[in-house]
Engineer: 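Once you've had a glance at the structure underneath, I'll fire off some questions.
To find a chain, count down the sequence lines: A is the first, B the second, and so on, and within it residues start at 1. Owing to the predicted nature of the structure, the values given are computational and were not obtained by experimental measurement. We use all heavy atoms of the structure for the numbers below, so side chains are in, but hydrogens, waters and symmetry mates are not.
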Amino acid sequence: MIELRNVERWHEQGGQRAYVLRRITLTIKEGEFVSIMGPSGAGKSTLLHVLGMHDGEFSGEFDFLGEPIHKLSRKARLEVQKKNIGFVFQSYHLLDDLTVYENLEIPLSYRDVKKSERQGIVADVLDRFHIVGKKDLYPNQLSGGQQQLVAVARALVAKPKLILADEPTGNLHSDQGREIMELFRTLNEAGTTIVQVTHSETNATYGNRIVKLRDGWLAD
Amino acid sequence: MQELRHAVRRLARTPLSSLSAILTLALGIGATTALFSALDTVVLRPFPFRDPDRLVMLFETHAKRGSDRFEVSWPNYEDWRRQQRSYDDLAAMPNAVSDGFILEGRDTPRRLKGSLVSGNFFDVLGSRAALGRTFQPEEGRSGGAPVVVLSHAAWQQALGGDPGIVGRSLAINGTATTVVGVMASDFDFPRGAELWLPAVTTLPDVVASRQTGFLHVIGRLKAGVAPETGRAEIDGLVRQLARQYRTDDKGRGAATLAVTDYLLGSTRLALFALFGVVGLVLLIACGNVAHLLLAQGLARRRETAVRLAIGASRGRVVRQQLTESLVLALAGGGLGLLLAAWGVRVLAALAPEEIPRASEIAVNPAVLAFSLGLSLVTALVCGLVPALQASRPDVVDALRDSSRGLTASRASRRLEGGLVALQAALAVVVLAGSGLFARSLLALEHVPLGFDPQTRSFNVGLPDWKYPSLEAKRAFHHALVERVRALPGVEAAAATFLRPLELGGIGVNSWIALEGEGSEAQDRNPSVNYQSVTPGYFEAMGAHILRGRGFEEADGASAPGVVVVGEATARRFWPGQDPIGKRVAVYGAKADPKGGYVWQTVVGVAQDVRHRQVHEAALDLYVPSEQSPFPAEYLVVKSPIETAGLAASVRREIAALDKDQPSDAVALLRFVDRARGGARFRAVLILAFAGLAAALAGFGLYGVLAHAVSRRVPEIGVRVALGARSRDIATLVLVEGLRPVALGLLLGLGGAVAFGRAARSLLFGVSATDATALALSVVTLLFLAVLGGLGPARRALRVDPVTALRE
């Protein structure tokens with residue numbers, strides 16, 4: 001699914017390049033559950049954002065489902081992203097002004113799914129995640145765990161092939177964190193590829209492969 | 001719909017800032033809409049003439065006599081009409097409406113304002129009667145039956161709206177005159193006319209000469225003929241007639257003016273200038289709202305990044321943001337429309353008489369459409385840049401959880417600075433413009449009028465049918481003046497042919513010849529402003545005789561001719577000399593049997609009186625009424641008695657001489673007010689707009705600085721921790737705010753000069769680059785900037801380094 005070859009990412013600092021990622025060569029197959037680990041500043045989140053196609057400022061080659069992402073325009077890259085990738089963030093990043101229902105509906109609306117279809121899909125997801133009773137609540141009326149549940153549901157609602165999660169349990173207490181990780185496992189078992197960035201060894205055990213980064217380099 | 005719902009919900013969550021944005025836009029849109037209502041009704045709406053674009057006013061010009069708009073004599077008009085080929089037809093009307101039409105046969109005689117027009121007047125204008133008809137060709141010829149067309153107002157007010165009025169006979173100036181039609185209520189040409197009579201049947205002999213220009217000629221250009229072609233043809237005719245009937249044609253020619261320009265005068269420029277100013281105010285308001293949206297966009301950077309991350313296209317994000325500004329603008333527009341509905345009433349009440357159709361200014365469908373369109377444009381102007389700015393956050397950075405809150409990019413800080421500079425520039429233009437107009441008004445208010453505006457006046461024009469000779473009229477006026485002088489409390493009284501400032505620039509232009517000059521001098525000298533007055537006039541008017549004397553009873557018809565000249569006239573014709581004893585000849589001077597002039601001796605110099613325009617002194621020359629072909633039309637009375645009481649006494653004296661002479665009383669102040677009305681209207685409006693602009697700019701700057709301070713709290717904390725003093729922090733905040741203001745001031749000064757130049761013809765006694773107005777605008781804006789910066793600076797001084805650094 002994902003092929004990175006010699007991917008590098010740097011910032012200009014005082015006329016010099018400060019590398020964040022160095023010669024990353026990595027393959028992730030469909031159906032994998034990969035955990036990216038490493039100390040702070042190792043480049044984990046940067047790698048996730050490159051994979052998530054928000055960040056196109058890298059060198060090297062990046063193929064996604066056979067599509068050479070490094071050759072695509074920003075617009076085309078974002079189209080590939082929109083079709084295939086869902087995101088889960090540490091701070092949930094739900095839209096505060098929208099209800100749970102609307103937070104789930106909006107990615108579909110961005111994909112021009114018809115209103116009648118959207119209603120069916122969202123109802124389905126609400127049901128699947130057991131949050132039907134919360135559909136009219138706003139994010140600030142939910143606990144952190146519930147918010148992250150909604151965030152995962154939102155990441156899934158457009159049926160992505162890949163979910164990228166950046167410290168998905170970082171702001172949750174352990175019970176809530178476990179629930180979310182269980183959910184990820186279930187999703188992975190159902191066929192969704194998952195890549196998570198985590199500091200937690202426990203969370204990493206939910207995946208089937210760990211990729212370690214140190215100072216921007218892949219570590220053995 | 002989804003975007004709309006979300007936009008409304010989002011705005012409702014920040015009610016204070018949403019409300020302030022809506023109010024800001026409401027003020028801007030409301031003021032602009034109100035001004036547009038005025039512009040639409042007064043300027044843009046077609047006048048009730050067929051193809052008004054083909055209608056032009058025609059004047060004679062005579063470069064040597066210093067005027068580009070001389071009235072045309074009746075014989076010349078008739079020659080033009082016969083010989084021209086460029087116009088479908090030419091019509092004519094006197095240069096001013098006359099209040100000398102006395103309607104009798106009702107309860108009490110009543111004066112009506114009317115115009116003696118050519119028989120084809122309505123046909124040339126292409127205006128039809130609302131009731132009955134206008135004149136038929138034979139009614140415009142000599143010997144035609146006396147007929148009258150009434151204005152809608154006269155029909156309603158003087159004749160009670162009698163539905164059977166057409167065909168009825170009215171006694172007008174002693175003649176049974178058949179009403180043939182009533183015009184529609186929107187027909188007001190010439191302005192103020194209440195009735196129209198065909199001129200040929202009623203034209204007095206005294207003005208039927210080729211030497212007496214009193215007509216404004218209206219031409220309807222043939223289809224496809226350019227105005228300049230028509231003007232050039234009349235120009236040729238003027239020269240040909242001058243060669244035929246005068247000494248030469250040098251400097252003579254013709255000028256044209258579109259009828260709409262004739263009717264609107266300086267109103268078009270004034271309203272467009274005010275509309276431009278109010279547009280600037282709206283832009284300042286837009287700047288405030290745009291800044292608010294920018295700040296909100298910054299605060300919502302992370303939200304926008306999330307939207308982009310979950311699949312929103314940039315277009316969708318822009319659309320969402322624009323929907324919010326659209327909701328704000330529509331709410332502001334709706335509220336603005338309510339303000340405009342109130343504003344147009346204020347405008348109509350403030351509008352001076354010189355503005356036509358002012359009473360009709362109202363919110364109509366065109367104004368509604370304008371307001372809606374303006375709201376949409378406003379939404380775009382306010383919202384587009386913030387929306388575009390917000391739609392491209394650095395997604396990676398914005399989503400990073402370590403990202404430090406509200407940090408503005410350099411680009412958005414530059415944008416903010418640009419907005420402040422733009423607002424400051426616009427505010428300077430409006431403030432400087434208001435300074436120019438206010439100083440113009442002040443200068444106008446301080447112009448020495450040369451007469452006491454508290455002098456009261458009464459119209460006492462006498463109808464020819466009852467007083468057919470000049471002598472009869474003079475006898476009546478002489479007797480009346482004597483009686484009024486004898487009234488208790490009356491200090492002085494006299495009679496005059498014209499009252500100062502009543503006709504707005506119109507008066508009697510006379511040629512003048514000086515003893516010792518050649519006979520061609522009368523065509524070379526500039527025209528003088530001819531006034532026919534009775535003895536005691538200067539005393540009654542409070543006008544001072546500076547040298548020599550005023551007129552006396554001895555200056556009668558058979559006495560040697562005498563004149564009094566104004567100061568400007570004395571300076572112009574006898575520079576450095578004493579004019580007393582000099583001899584001149586002017587209009588109406590009898591030729592002696594040998595064909596030479598009968599000279600009139602200058603016996604006095606009077607202080608200049610602003611007879612025609614407040615802003616411009618004319619070359620005054622006074623002739624005793626007894627020696628002039630112009631009979632008195634008005635009584636002027638100096639008295640401390642209040643007008644109503646004085647009017648009752650004077651009317652009793654008039655009735656004692658002729659019980660059927662109606663007379664209205666007026667203080668000359670009314671004409672002065674009217675003459676200053678345009679300047680006052682402009683000054684009041686622009687000062688109001690300047691106040692609004694200053695307030696909006698002040699608030700805008702406050703908003704920007706407050707936002708900047710909240711953005712810089714951690715930095716300020718560090719600075720305080722490093723030992724910065726209060727003075728350093730305050731300077732930091734104020735300098736950040738004042739830098740773009742300074743740039744705006746520079747730009748604004750350029751704009752202010754350009755505005756002053758564009759509106760130059762509306763200014764009086766002040767130059768377009770008046771240093772005081774410019775300096776005041778700069779000082780005001782700097783004061784506002786410092787005032788706007790004080791709150792945020794105070795907040796910056798209260799930053800606690802410990803808390804700030806922990807944040």
Engineer: Using a strict 4.0 Å threshold on nitrogen-to-oxygen distance, state whether E324(B) and R10(B) make a salt bridge.
Structural biologist: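 R10(B) and E324(B): salt-bridged.
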Engineer: Report which part of N103(A) has an atom under 4.5 Å of a heavy atom belonging to chain B: side chain, backbone, both, or neither.
Structural biologist: neither
Engineer: So what's closer than 4.5 Å to chain B heavy atoms on L78(A): side chain, backbone, both or neither?
Structural biologist: neither
Engineer: Among K115(A), H54(A), K82(A), M53(A), single out the residue with the greatest number of heavy-atom pairs under 4.5 Å to chain B.
Structural biologist: H54(A)
Engineer: Is it the side chain or the backbone of R307(B) that comes within 4.5 Å of chain A heavy atoms, both, or neither?
Structural biologist: both
Engineer: Please identify which of these residues, R118(A), K114(A), R111(A), meets the salt bridge (Lys or Arg N to Asp or Glu O under 4.0 Å) condition with E105(A).
Structural biologist: R118(A)
Engineer: G86(A), A155(A), S109(A): which one forms the most heavy-atom pairs within less than 4.5 Å of chain B?
Structural biologist: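 Ranked by heavy-atom pairs under 4.5 Å with chain B, first place is S109(A).
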Engineer: Which heavy atom of Y19(A) sits nearest a heavy atom of R17(A), and at what distance?
Structural biologist: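 Between these two residues, the closest heavy atoms are OH-NH1, 3.5 Å.
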Engineer: Given the options R13(B), R314(B), R316(B), which has more heavy-atom pairs under 4.5 Å with chain A than any of the others?
Structural biologist: R316(B)
Engineer: Quick check against the 3.5 Å criterion: does R9(B) have a side-chain atom that pairs as donor or acceptor with the backbone of D97(A)?
Structural biologist: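 Yes, R9(B) side chain to D97(A) backbone: donor-acceptor pair under 3.5 Å.
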Engineer: Compare every heavy atom of P39(A) with every heavy atom of H199(A), then report the nearest pair and how far apart it is.
Structural biologist: NE2-C, 4.5 Å
Engineer: Evaluate side chain to side chain donor-acceptor pair (under 3.5 Å) for Q423(B) paired with H291(B), printing each intermediate quantity in order.
Structural biologist: CA-CA 11 Å; Q423(B) 287 184 296; H291(B) 175 257; over 6 Å; no
Engineer: With a 4.5 angstrom heavy-atom cut-off, which part of Y138(A) approaches chain B: side chain, backbone, both or neither?
Structural biologist: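 Looking at Y138(A), just its side chain touches chain B.
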